[in-house]
Amino acid sequence: MILVLGAGGQVGSELVEKLRAKHGKDKVVATDIRETENQEGPFEVLNALDQEKLREIVDRYKIEEIYHLVALLSATAEKQPEFGWKLNMETLFTVLDLAKEGKIKKVFWPSSIAVFGPNTPRQETPQHTVTDPTTVYGISKLAGERWCEYYAKNYGVDVRSIRYPGLIGYKSLPGGGTTDYAVDIYHKALESKSYECFLQKGTYLPMMYMEDAIRATIELMEAPSESIKIRSSYNLGGISFAPEEIAAEIKKHIPEFEITYAPDFRQKIAESWPGSINDTAAQQDWGWELHFDLKKMTEDMLKTLNKV
Ligand code: SER
């Protein structure tokens with residue numbers, strides 16, 4: 001049995017669907033802090049900070065694998081630093097401890113490009129490099145990576161992780177991230193043919209289409225344990241682009257589309273993150289391969305959102 005924490009979020013909603021299609025509807029227990037619609041299998045309302053209830057759910061459903069997707073993202077955590085730290089860290093410890101005690105066999109926990117900072121090489125950022133995050137979110141992800149590796153090395157915990165780039169999907173909206181503009185822009189392009197971007201022209205960030213991100217997550221979790229050589233978190237490169245480039249791609253489909261720029265506090269966060277990522281370790285260790293580029297992603301996003 002598989003448990004997904006944060007199943008109502010941007011990644012969770014798509015991951016649950018894929019896992020249920022793969023393993024069967026009843027084999028995946030979805031949890032979220034609030035009721036989420038369209039659940040086609042077991043669902044529990046759970047505040048992941050409620051350790052007792054989380055443990056009870058693990059026992060009751062005889063859970064073997066946990067996908068821990070609960071977090072405050074970069075922009076939101078800057079507004080509530082203490083709570084961001086508490087939520088991101090305490091919930092990770094609960095899950096790692098369940099694995100340490102042998103109650104569950106495998107853990108997925110996402111890290112992020114937010115572990116990098118102003119002194120990290122910005123282009124083709126290597127797997128092992130300077131990590132000096134400036135956000136509470138980034139600090140929590142970096143600390144989390146260190147703890148994952150510690151639990152793997154010292155307690156034999158099978159924990160696996162990816163440093164997600166900005167994720168772009170049509171099923172649900174992201175909440176409180178710095179890379180969210182790249183999702184919002186598609187919605188606004190269709191609704192009003194214009195978009196005011198909260199990042200400046202020329203701000204390159206690594207991004208990835210949700211379909212690739214979900215496939216990466218499942219492939220990583222299915223890879224034989226011996227091939228997972230990195231137990232902190234794997235770099236994943238994805239697609240690197242700036243706001244004007246995604247706008248130009250949208251214009252090919254919607255010629256009247258216009259982008260304007262009104263950068264806010266998120267500009268500073270974006271500037272502290274890499275523009276592109278080197279993911280050769282993921283390619284070599286578990287065969288990672290990207291399928292969607294900016295053109296293909298834009299075609300798919302606009303086509304699908306248009307139907308909704
Ligand atoms: N997409 C996330 C954010 O912007 C980064 O992991 O916060």
Side-chain angles (χ1 to χ4, degrees), residues 6 9-15 67-81 83-85 87-89 91-92 108-118 120 122 125 131-145 148 161-187 197-200 203-214 216-217 220 232-243 246 263-277 279 282 292 297 301:
Q10 196 202 4
V11 177
S13 50
E14 306 221 13
L15 186 67
Y67 290 76
H68 174 332
L69 306 176
V70 171
L72 279 202
L73 292 189
S74 60
T76 319
E78 287 309 285
K79 300 201 165 131
Q80 318 168 59
F83 180 64
W85 175 256
L87 179 73
N88 295 2
M89 296 312 294
T91 55
L92 174 61
F108 176 81
W109 173 82
S111 184
S112 157
I113 52 164
V115 297
F116 300 119
T120 305
R122 282 188 61 77
T125 301
T131 42
D132 56 348
T134 56
T135 61
V136 172
Y137 174 69
I139 298 170
S140 75
K141 288 296 180 187
L142 180 59
E145 284 191 7
C148 286
S161 177
I162 286 170
R163 288 171 176 156
Y164 284 141
L167 299 180
I168 299 165
Y170 53 82
K171 284 206 183 96
S172 69
L173 291 169
T178 301
T179 56
D180 296 7
Y181 91 86
V183 180
D184 220 21
I185 194 169
Y186 288 112
H187 289 266
C197 186
F198 59 74
L199 295 185
Q200 193 56 269
T203 313
Y204 279 84
L205 283 171
M207 305 274 187
M208 184 175 284
Y209 198 37
M210 191 59 87
E211 208 163 302
D212 273 334
I214 300 290
T217 306
L220 173 71
S232 50
S233 191
Y234 278 97
N235 273 9
L236 270 204
I239 328 162
S240 176
F241 58 81
I246 189 171
D264 66 13
F265 74 103
R266 289 169 281 193
Q267 179 64 29
K268 228 171 138 192
I269 300 179
E271 279 170 15
S272 77
W273 290 352
S276 64
I277 301 277
D279 61 13
F292 281 85
M297 173 175 80
M301 276 296 279

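FYI, side chains are in, hydrogens and waters are out, and symmetry mates aren't considered; it's all heavy atoms of this structure. Atoms within a ligand are numbered from 1 in the order they appear, just like the ligands themselves. Predicted model only: the values in this text are computed from it and were never measured.
At a 4.0 Å heavy-atom cut-off, the residues surrounding ligand 1 are L73, S74, S112, Y137, G177, T178, T179, W273, listed by chain and number.
Note that the CE atom of M297 and the CD1 atom of I168 stand 3.5 Å from one another [nearest 0.5 Å]. The CG atom of L220 sits 5.0 Å away from atom CD1 of I162, with the distance rounded to the nearest 0.5 Å.
In this structure, E14 and K171 approach most closely via the heavy-atom pair OE2-CB, 3.1 Å. T203 and A270 get closest at one heavy-atom pair: CG2-CB, 3.7 Å.
Annotation: K268, atom NZ; neighbour count of heavy atoms from other residues, nucleotides and ligands within 6.0 Å does not exceed 12.
Applying the ring-ring contact (aromatic ring centres under 6.0 Å, His included) rule to Y67 yields the partners F108; only residues at least two apart in sequence or on another chain are considered.
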